[in-house]
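Right, one structure below, let's go through it.
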Protein chains: 2
Amino acid sequence: MLSRSKVLIKPSQEQAAELLHYALQNQLLAILACNCKVDYHGRASSRLEWGERLVIIKRDRSLLIHRNTGYEPVNWQPPGCLFHVSFSEGNLLVRAVRKSPHEVVDIFISDLQLAAALELSDYGAFAMYLTEEDMKQAVLKNPFLIEEGFQPITEERSLPTGFVDILGRDSKGNLVVVELKRESADREAIIQLYRYVEHLRKGNPSVRGIIAAPKITKSAHILLKALKLEFKQLTPEVCSKYVKRGEGEPLKSLT
Amino acid sequence: MLSRSKVLIKPSQEQAAELLHYALQNQLLAILACNCKVDYHGRASSRLEWGERLVIIKRDRSLLIHRNTGYEPVNWQPPGCLFHVSFSEGNLLVRAVRKSPHEVVDIFISDLQLAAALELSDYGAFAMYLTEEDMKQAVLKNPFLIEEGFQPITEERSLPTGFVDILGRDSKGNLVVVELKRESADREAIIQLYRYVEHLRKGNPSVRGIIAAPKITKSAHILLKALKLEFKQLTPEVCSKYVKRGEGEPLKSLT
DNA sequence: GCCTAGGTCCCGTGA
DNA sequence: TCACGGGGCCTAGGC
């Protein structure tokens, strides 16, 4: 399966430049393991002094520069930027330019351990489960997950202040605003919910606001009480039991 | 500089496993270009079907799985997780386990284009400029950037509701809360500022709230007016002129 | 451990 | 294009 892939060990700057051109032209993924320094200017600015890093250019022309530690790239450029490969003061210079916002990453490369152009054939589907959207679908189809007698009115409703996750009525006919959180509800979540509820309460003081989440932070709970909102414990895991995704593939739980 | 680095082209699963052990033992960075499928279970769940990807394990035991497009890894594990390399149903299985929260990534690898263990010697300093912190330092040393006569009281003050960027007094002695934003101030920023101001206004209705940012969104401006808060235009670029970083290295501007 | 806030956040969605 | 909210966000800093 090497097909159009090429790997060079300890290439010269010229060989690496040629490989980069080859990868960019053929929409292959390029990797360089190299000694480099990096300048970035754009929304912010940064300077990375000389050291050995991994430089990755993907076929969608995104750029990642990774150090030997850390989840995050030290410098990067999102997909779609333009690359210029040149030579400058004895170094191989790779410039990645993003149009909007205007941002420039300059990589000065002195020597290389490895350079590779890889053809990665990848059509595999990716599916994510246990998201906030899953919780929403579960509640819409099983309103009792919020409380007995709860009935959603519309799936979502746009208000001047933003969006409501779920709007409904309780068994007594009171308007209920439900805000879903996949993880612990914090103060921001309460404030968000309160914006909606406050707006609706103006014409109707009986409007209820319920935050449905696995748990709630201490300070969020204090705020919740002060604003006369309610908390309903609801986890993505419980919701997943009420929601069929894909071809009904059951979700495995952590063991 | 190859030193302890090793590169294998089209290795067998057994050779790749050996290389992974070697990299993990010697705290080298490991790269695999391989056909794989990936399961993730933890805070959420995901399934990635078979396809060719780049798998990176860093010396701090972080894991990145990159497809041939996109800035973000499709699956990952932050630093510090535990790796188990084994063989399962004809595949090389790499399992990365995170303790807290408990999360598991399973990578099933069928065949490999490339496997490398790289020793990346990297001691280069990284410095970032034009951050919110830079704006703060600039304002603390040059309070007139907010307005004539402004005087910071303390650098930062913790309130029951959170943190204040800068607290000070104006030329008439009124308390002033300043919230800094590096980019356009949105409604969330206004709400955040209002939380502090509202708290302080209870004992002192003359308290002012100023949001200092390059610009402000339309809806944030409306909210600002309604809450009797103020906007002061201030850019990170202007602030950078009043702040010396490192050895006084001047910041280049975009040209 | 929890909680808060920032980020060159990225990314999708909708106006 | 801007604006807004979600994310397995990650990461740093307090407590």
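The chains referred to below are lettered A, B, ... by the order of the sequence lines, with proteins before strands, and numbering in each begins at 1. What's counted below: heavy atoms across the whole structure, side chains too, no hydrogens, waters or symmetry copies.
Nearer the 5' end of DNA chain C, as judged by each residue's closest nucleotide, is the contact made by A:Ser184, out of A:Ser184 and B:Phe126. If you find the closest nucleotide of DNA chain C to A:Ile216 and to B:Gly70, the one lying nearer the 5' end belongs to A:Ile216.
A salt bridge is absent between B:Lys181 and B:Glu183; no separation between the charged side-chain nitrogens and carboxylate oxygens falls under 4.0 Å. A salt bridge is defined here as a Lys NZ or Arg NE, NH1 or NH2 lying under 4.0 Å from an Asp or Glu carboxylate O, and B:Asp165 with B:Lys136 fails to meet this definition. Using a cutoff of 4.0 Å between basic side-chain nitrogens and carboxylate oxygens, B:Arg195 and A:Glu188 are scored as salt-bridged.
Rounded to whole Å, atom P of C:dC10 lies 11 Å from atom CG of A:Leu64. Between A:Glu183 atom CD and C:dC2 atom P there is a gap of 11 Å when expressed in whole angstrom units. Summarising the geometry, the separation between CD on A:Glu72 and P on C:dC10 is reported as 10 Å, rounded to the nearest angstrom. One atom, CG of B:Asn75, and another, C1' of D:dG8, lie 9 Å apart when rounded to the nearest Å. For the pair B:Arg67 CZ and C:dC10 C1', the interatomic distance rounds to 17 Å; values are reported in whole Å. Atom pair B:Tyr129:OH and C:dG7:P shows a separation of 16 Å (rounding to whole Å applied). Atom CD of B:Glu179 is separated from atom P of C:dT4 by 15 Å (rounded to the nearest Å). D:dG7 atom P lies 11 Å from atom NZ of A:Lys136, rounded to whole Å.
The residue A:Ser100 sits close only to the backbone: its heavy atoms come under 4.0 Å of sugar-phosphate atoms, none of a base. No contact: A:Pro236 has no heavy atom under 4.0 Å from any strand.
With D:dC10, C:dT8, D:dA3 as the choices, the nucleotide that has an atom nearest any side-chain atom of B:Lys215 turns out to be D:dA3. Picking from C:dT8, D:dG5, D:dG8 the nucleotide with the shortest atom distance to the side chain of B:Glu188 gives D:dG5. Set against D:dG8, D:dC4, C:dC10, the side chain of B:Val105 has D:dG8 as its closest nucleotide. The A:Arg195 side chain lies nearest to D:dG5 when the options are D:dC10, D:dG5, C:dG7. Checking C:dA5, C:dT8, C:dC3 against every side-chain atom of A:Trp76, the shortest atom distance belongs to C:dT8. You'll find that the side chain of A:Met128 is closest to D:dG8, out of D:dT11, C:dC10, D:dG8. Distances from the side chain of A:Glu132 to the nucleotides C:dG6, D:dC10, D:dG7 place D:dG7 closest. Among the nucleotides C:dT8, D:dG8, C:dT4, the one closest to any side-chain atom of A:Thr217 is C:dT4. When the nucleotides D:dT11, C:dC3, C:dA5 are ranked by their closest atom to the side chain of B:Phe163, C:dA5 comes out on top.
The aromatic ring of A:Tyr71 does not sit over the base of D:dC10; the criterion of centres under 5.5 Å apart with planes under 30° is not met.
Residues B:Pro79 and A:Thr69 are not in side-chain contact: their nearest non-hydrogen atoms beyond the backbone lie 4.5 Å or more apart. The shortest side-chain heavy-atom distance between B:Leu82 and B:Arg61 falls under the 4.5 Å cut-off. Taking 4.5 Å as the limit, every side-chain heavy atom of B:Leu200 sits out of range of all side-chain heavy atoms of B:Val164. A heavy-atom distance below 4.5 Å is found between the side chains of B:Ile191 and B:Leu223.
Contact annotation: side chain of A:Gln192 to base of D:dG5, donor-acceptor pair absent below 3.5 Å.
Nucleotide C:dG6 forms a Watson-Crick or G-U wobble pair with D:dC10, both donor-acceptor distances falling under 3.5 Å.
Proximity of B:Arg98 to the phosphate of D:dG8: no side-chain N or O atom is located under 4.0 Å from OP1 or OP2. At least one side-chain nitrogen or oxygen of A:Arg43 sits closer than 4.0 Å to the OP1 or OP2 atom of C:dC10. Between A:Ser219 and C:dT4 there is a side-chain polar atom (N or O) within less than 4.0 angstrom of OP1 or OP2.
Only the P atoms considered, C:dT8 is 22 Å distant from C:dT4, to the nearest whole Å.
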